[in-house]
Amino acid sequence: MQLDHLNQKQKAAVTAPSGPVLVLAGPGSGKTRVLTHRIAYLVQQLGIAPFHILAVTFTNKAAQQMQVRVESMVGESMRGIWMGTFHSSCARILRREAAYLPFDSNYVILDSDDQIGIVKNILKEENINDKQFRPYTVHSDISNAKNNLVGPDELSVDTQREKVTQRVYQRYQQTLFANNALDFDDLLFWSVKLLNEHPAVRDAYARQFEHVLVDEFQDTNLVQYALLNHLASYHGNIFVVGDEDQSIYRWRGADYRNVLRFEKDYPNAKKILLEENYRSTQVILNAATQVINRNSNRTIKDLRAAREIEGNKIILHEAYDDRDEAVFVVDTIRRLMDHGNAKGSDFAVMYRTNAQSRLLEEAFLKSGLDYKLVGAQRFYGRLEIKDLIAYLRLIHNPADELSFSRIINTPKRGIGPKTLQDLLAAAHAANISPGELVLSLGLEGDKSEHWGHFASRNLNTLAFFGRQFAGWLDARNDLHLPELLDMVIEDIAYEQYLEENSSTRENATDRMANVHELRRLTYEYEEAGLEVFLENMALVSDQDTLPEAADAPTLLTLHAAKGLEFSTVFLVGLDQEILPHSRSLFEPEELAEERRLFYVGMTRAENQLYITRADRRSGYGSYSDCEPSEFLKDIPLECLEVAGRPGSTRHHHRAAGSSGGDWNQYVGPQRGASGINTGTRVFRVPGANRPETEKKYHPGMRVRHPSWGEGIVLDSRVYDEEETVDITFEDVGFKKVLASIVRLEILD
DNA sequence: GGGCAGTGCGCATCT
DNA sequence: CGCACTGCCC
Ligand SMILES: Nc1ncnc2c1ncn2[C@@H]1O[C@H](COP(=O)(O)OP(=O)(O)OP(=O)(O)O)[C@@H](O)[C@H]1O
């Protein structure tokens with residue numbers, strides 16, 4: 001193995017002797033690289049068997065990539081290594097140790113819709129007002145409790161609200177166990193419970209894991225930290241890497257103070273700081289540093305560009321509205337791909353909320369440019385996928401009442417809420433599951449002891465379904481997964497159901513395509529089987545399915561961008577109430593996290609960073625005005641080039657000229673002793689943006705200038721009834737042209 | 001039971 | 001504006 005691609009400090013971390021190690025360092029300093037090298041070093045130099053290594057990453061994708069990289073470095077298979085996310089590692093432990101736990105080893109993992117659905121049912125059954133107790137909120141309270149290792153009976157019940165929450169929590173957990181189901185938080189919660197309460201089990205794992213390594217340590221929560229302590233309790237070789245400034249999952253219980261806790265719990269920990277940044281240009285790093293320096297309670301860090309490239313300025317584009325903003329992004333990418341030597345995969349567009357991807361997608365589609373979209377529940381969240389998964393779950397566990405209830409009337413069988421209630425009641429009375437009940441109806445017919453409970457009209461359909469169900473159960477062990485799925489799809493005439501229940505032809509085709517994609521996916525599990533397939537469907541999210549091959553720009557949220565890097569990054573929607581998000585504005589801690597989110601986004605860029613915002617955005621069908629994000633003020637002026645409209649450009653020049661390029665000084669007054677950030681109007685020029693005259697020139701047009709020749713219009717804006725056009729000319733490059741003075745000929 | 005129109009609210013970010 | 005939920009009628 002080579003260590004030459006590492007600097008001295010990185011080498012020190014990779015080859016650190018046994019014992020706890022804490023690598024704390026800024027973005028792009030090679031933390032992930034160090035972790036990867038460390039694993040290779042352990043296996044190759046120290047002869048540690050992969051089986052004795054646990055490496056925890058933040059996403060499944062990162063785990064896969066890390067495994068591939070280690071394997072190519074070491075030149076041998078890492079078979080046996082425990083490499084995965086907290087959730088997948090816990091899922092694995094729980095399957096093996098279910099004997100100690102209140103559920104069976106073939107448990108299923110519920111998705112968030114299922115979880116919310118259960119809460120809704122409980123609220124209804126308990127006659128709790130769902131306006132006062134929003135299912136979403138109650139569920140999130142339960143989730144928070146679990147992430148703090150609080151079970152239903154340990155919940156504090158001082159207020160009426162907490163009492164209700166406790167009641168729902170208790171019933172929620174009962175429902176899950178009754179269906180042999182777990183939610184995401186349970187995976188962590190029960191793993192820690194297990195290791196807490198069964199020292200022998202804990203020791204077995206702690207002895208197995210000679211080395212425990214954790215990436216993105218700043219985003220671990222209390223349960224995860226407890227888990228790590230257990231798993232490293234025998235050998236004490238715990239190697240964690242992280243950066244407090246990149247902690248962006250506070251809302252999910254993550255606590256960067258785990259870093260402090262770690263130092264306290266492992267006082268002999270070797271602490272290594274990495275200072276070189278191998279990713280970005282100095283301009284980007286300077287700007288990012290200024291932005292993050294406004295957060296308090298942190299160690300001030302210097303980010304030094306190891307590449308020793310000053311780099312281009314950050315380009316700030318202020319658009320008329322959010323549609324123009326999206327069009328600007330796509331046009332710029334197109335321009336750089338057409339006229340530069342950039343390829344699609346050099347670009348990423350990052351945003352705060354998934355909803356923001358829509359206008360970008362539209363702009364990409366319109367321009368005919370391919371793109372990759374990460375996340376946003378485009379596949380796993382679809383009804384047709386969830387329906388079929390529910391069938392497979394029911395086949396996997398015939399006692400699964402939740403899946404049964406979901407599919408018994410999909411496709412329509414005439415079994416409505418009323419009949420379902422009767423069915424569930426009859427099953428409970430007989431102490432069996434509804435699945436078993438219909439099996440009995442189907443196989444024993446009128447000799448079934450349950451035959452008498454139902455109206456004859458329903459009996460036929462239920463018995464018919466029971467026989468189909470029996471057929472699937474018979475086939476379950478003989479057929480491979482794709483064949484089993486085919487059998488179900490055919491038996492229930494699902495394709496026909498989709499045809500008949502889709503609003504349009506395209507819609508039906510689209511849904512069919514999803515079914516085929518699911519079918520394709522099952523081929524990857526021919527060997528592994530149903531249980532593994534179901535687990536991956538729950539734990540591998542859209543987030544992890546970045547298509548590797550396609551050479552196209554990536555669209556993703558800032559959260560999904562964590563750990564990634566791109567040559568050119570667009571951070572869009574830098575407006576107050578978007579980033580920072582409106583819901584974060586009241587809590588200083590949350591606002592600080594929004595700032596970190598911006599910081600994470602900025603530091604994804606290797607060479608060029610674009611930041612965009614819009615003066616108005618659409619929402620709920622109408623437009624509303626936007627103010628620039630308060631974070632923009634902290635970008636030093638000398639790092640910035642302002643474009644997009646005449647007002648802001650002029651503003652910029654004046655500012656730069658008058659105060660030696662110091663933005664804060666220019667913005668001055670609102671940065672006073674009070675320390676309160678006001679005056680976000682930095683980029684705003686009154687009345688500058690509403691076009692009084694129609695634009696004549698549009699992005700993408702070819703035009704001819706009398707003296708500069710031919711060029712492509714990038715953008716244009718109307719100000720004081722005059723149109724200024726941004727053009728890239730073939731010969732003379734980028735110019736701004738005042739169209740009322742110069743005769744511009746449109747060529748297309 | 002199912003399909004329809006009428007009402008109301010916007011449930012961030014992810015496993 | 002668009003979806004989720006409600007209440008009404010066949
Ligand atoms: N010593 C080095 N020499 C050359 N390139 C390096 C070196 N160390 C890291 N890099 C490169 O720098 C980039 C950032 O590394 P890496 O992703 O490991 O950083 P990180 O600290 O994990 O970043 P982040 O915290 O932003 O996720 C990668 O492209 C990596 O290959």
Side-chain angles (χ1 to χ4, degrees), chain A residues 56-61 84-91 109-117 119-120 124 130-131 133-140 143 146-147 182-189 216 219-221 223-224 247-254 350-358 374-377 380-381 383 408-422 455 457-458 461 501 503 535-544 556-562 573 577-585 590 593-594 596-598 600-601 618-624:
Chain A
V56 186
T57 57
F58 205 74
T59 62
N60 296 291
K61 182 86 186 311
T85 62
F86 276 105
H87 287 91
S88 68
S89 307
C90 287
I109 302 164
L110 300 182
D111 69 33
S112 17
D113 285 352
D114 298 334
Q115 297 169 32
I116 297 283
V119 173
K120 275 184 190 157
K124 197 176 268 166
D130 65 356
K131 290 276 181 306
F133 291 87
R134 306 276 259 277
Y136 181 88
T137 316
V138 178
H139 175 263
S140 125
S143 170
K146 288 183 182 176
N147 280 315
L182 298 181
D183 66 20
F184 298 121
D185 306 312
D186 282 332
L187 297 174
L188 307 173
F189 182 93
E216 308 282 10
D219 271 323
T220 52
N221 63 28
V223 202
Q224 292 165 339
S247 172
I248 54 176
Y249 282 91
R250 204 187 90 95
W251 50 275
R252 218 170 71 181
M350 303 176 187
Y351 36 82
R352 178 63 242 264
T353 65
N354 283 306
Q356 290 171 264
S357 71
R358 228 196 67 212
V374 180
Q377 295 266 305
Y380 295 93
L383 277 185
I408 189 60
N409 207 27
T410 312
K412 302 265 181 298
R413 295 188 178 89
I415 309 294
K418 181 69 173 60
T419 312
L420 178 60
Q421 275 318 310
D422 293 349
R457 162 173 53 90
N458 293 330
T461 34
N501 287 277
S503 47
E535 175 168 320
N536 278 307
M537 288 299 288
L539 290 184
V540 177
S541 64
D542 294 276
Q543 227 50 232
D544 296 303
L556 73 182
T557 63
L558 288 161
H559 284 92
K562 175 158 147 157
E577 309 222 310
I578 305 285
L579 180 63
H581 193 274
S582 54
R583 299 191 173 218
S584 73
L585 297 173
E590 288 191 29
E593 179 148 314
E594 296 290 301
R596 292 194 289 271
L597 210 42
F598 183 39
V600 168
S618 46
Y620 305 142
S622 66
Y623 275 87
S624 48

How close or far is atom P of dT15(B) from atom CD1 of I248(A), stated in whole angstroms?
-> 11 Å
Give a yes/no answer on whether the side chain of N354(A) brings an N or O atom under 4.0 Å of OP1 or OP2 in dC14(B).
-> yes
To the nearest 0.5 Å, what is the distance between CD1 (I578(A)) and OH (Y351(A))?
-> 13.5 Å
Can you tell me, in whole Å, how much space there is between the P of dC5(C) and that of dA12(B)?
-> 16 Å
Under 5.5 Å and under 30°: Y249(A) stacked on dC14(B) = no
Figure out the NZ/P separation between K146(A) and dC14(B), and round it to whole Å.
-> 21 Å
Within this structure, what is the CD-to-C1' distance between E216(A) and dC14(B), rounded to whole angstrom?
-> 14 Å
Could you go step by step and tell me if D130(A) and R134(A) meet the salt bridge (Lys or Arg N to Asp or Glu O under 4.0 Å) rule?
-> CA-CA 5 Å; D130(A) 65 356; R134(A) 306 276 259 277; over 6 Å; no
Once you round it to whole Å, what is the distance between C1' of dT13(B) and CZ of F598(A)?
-> 17 Å
Qualifying residues under side-chain contact (heavy atoms from CB on, under 4.5 Å), relative to S112(A), sequence neighbours excluded = none
Proximal nucleotide (of dC11(B), dA12(B), dT15(B)) relative to the S584(A) side chain = dA12(B)
Base dA12(B) to side chain E590(A), donor-acceptor N/O within 3.5 Å cut-off = yes
Looking at dG1(B), dC11(B), dT15(B), which one has an atom nearest to any side-chain atom of K418(A)?
-> dG1(B)
Given F86(A), which of T220(A), T57(A), N221(A) fulfils the side-chain contact (heavy atoms from CB on, under 4.5 Å) condition?
-> T220(A)
Give the C-alpha distance, both sets of side-chain angles, the deciding distance and a yes or no for salt bridge (Lys or Arg N to Asp or Glu O under 4.0 Å) between K146(A) and D183(A).
-> CA-CA 10 Å; K146(A) 288 183 182 176; D183(A) 66 20; 2.7 Å; yes
Which value, rounded to the nearest 0.5 Å, describes the distance between T461(A) atom OG1 and I415(A) atom CD1?
-> 4.0 Å
Between OH of Y380(A) and P of dC14(B) the distance, given in whole Å, is 15 Å
Measure from CZ on F58(A) to P on dT15(B) and round the result to the nearest Å.
-> 8 Å
Quick one: do E590(A) and R583(A) make a salt bridge, cutoff under 4.0 Å?
-> no
Sugar-phosphate only, base, or nothing, as touched by Q115(A) at under 4.0 Å among non-hydrogen atoms | nothing
Rounding to the closest angstrom, what is the interatomic distance between dA4(C) and dT13(B) at atom C1'?
-> 23 Å
Proximity of F58(A) and Y249(A) rings by center, below 6.0 Å | yes
Pick the nucleotide of DNA chain B nearest each of A538(A) and T137(A); which residue has the one closer to the 5' end?
-> T137(A)
Give a yes or no on whether a donor-acceptor pair under 3.5 Å exists between the nucleobase atoms of dA12(B), that is its base, and the side chain of R583(A).
-> no
Please enumerate all protein N or O atoms sitting under 3.5 Å from an N or O of nucleotides 2-9 of chain B, with distances to 0.1 Å.
unit_1 : atom_1 : unit_2  : atom_2 : d
dG2(B) : OP1    : G414(A) : N      : 3.2
dG2(B) : OP2    : N409(A) : ND2    : 2.9

d(CG, D185(A); P, dC14(B)) in whole Å = 16 Å
Distance between the C1' atoms of dC11(B) and dG2(C), in whole angstroms?
-> 15 Å
Length of the OH-P vector between Y136(A) and dG10(B), whole Å | 12 Å
Along DNA chain C, first and last positions that approach a heavy atom of chain A under 4.0 Å = dC1(C) to dC5(C)
Find the distance between CD (E594(A)) and CD1 (I248(A)) and round it off to the nearest 0.5 Å.
-> 10.0 Å
Do T85(A) and S88(A) have side-chain N/O donor and acceptor atoms under 3.5 Å apart?
-> yes
